[in-house]
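Below: one structure, written as structure tokens.
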Amino acid sequence: GENVEQHPSTLSVQEGDSAVIKCTYSDSASNYFPWYKQELGKGPQLIIDIRSNVGEKKDQRIAVTLNKTAKHFSLHITETQPEDSAVYFCAASKGGSARQLTFGSGTQLTVLP
Amino acid sequence: NAGVTQTPKFRVLKTGQSMTLLCAQDMNHEYMYWYRQDPGMGLRLIHYSVGEGTTAKGEVPDGYNVSRLKKQNFLLGLESAAPSQTSVYFCASSNRLAGVTGELFFGEGSRLTVL
């Protein structure tokens, strides 16, 4: 089955700096890669996603890049703010089945004021 | 707009006891899921449902049962709780299959401790 590895497990940045979280996946058939943000005491919430036919996608201060050849994808957050502090999860899926969405282990991002 | 609601939010059980977690969604979603979240392991799918009256096993189904008698509700049952089932449980729903650009909408979680 699919295996998704996520790094780093914890990340601290100064407010205004950029943060990058990286994930690798094992199944070359995976074609959908969402990112979820989990704030303290809340459930995860989708913040951005990308399909395998696109190399990069941006939404304001967040962007995701995908390298299909290397089988890795990354989340980039620019101009970080304290409200960006949360746990971020990457995931990968081949699509077509609920059981085929595999999550990474999560990254605790802390933005220091 | 409540979204996905889980009850209870906290529960402490003794080994061998049984309990049921209730998930309710008001978005008329076809698909519902139960995940468990453990430190360093991300979210792992326990069971899911693609419609009323249907259920299927996920990655870690052992020790759990589910039922989807009504479209808006998805119940997760533990018949004989074990300490290994200490975890935070999340219910989610989507209007498409997760992974086919089907955004998952999560509840706020239920923290279960088995002593």
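Residue numbers begin at 1 in each chain, while the letters A, B, ... track the order of the sequences. For the numbers below, each heavy atom of this structure counts, side chains included, while hydrogens, waters and symmetry mates do not. This is a predicted model, so every value here is computed, not measured.
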Can you tell me which of A/Gln38, A/Gln6, A/Gln45 forms the most heavy-atom pairs within a distance under 4.5 Å of chain B?
A/Gln38
Segment of A/Tyr36 engaging chain B (4.5 angstrom heavy-atom cut-off):
side chain
Chain A contact via B/Gln6 - which portion, at a heavy-atom distance below 4.5 Å
neither
Residue, of A/Pro44, A/Pro34, A/Gly43, that accumulates the most heavy atom pairs under 4.5 Å with chain B
A/Pro44
Does one side chain, of B/Tyr64 or B/Tyr89, offer a donor that lies under 3.5 Å from an acceptor on the other?
yes
Partner set under salt bridge (charged side-chain N to carboxylate O under 4.0 Å, His left out) for A/Lys58, not counting sequence neighbours:
none
When A/Ser9, A/Gly41, A/Ser30 are compared by non-hydrogen pairs under 4.5 Å with chain B, the top option
A/Gly41
Would you call B/Glu108-A/Lys42 a salt bridge at under 4.0 Å N-O?
yes
Shared hydrophobic cluster for B/Leu21 and B/Phe74 (ILVMFWY, side-chain gaps under 4.5 Å):
yes
Are B/Arg44 and B/Asp38 close enough for a salt bridge, meaning some N to O gap below 4.0 Å?
yes
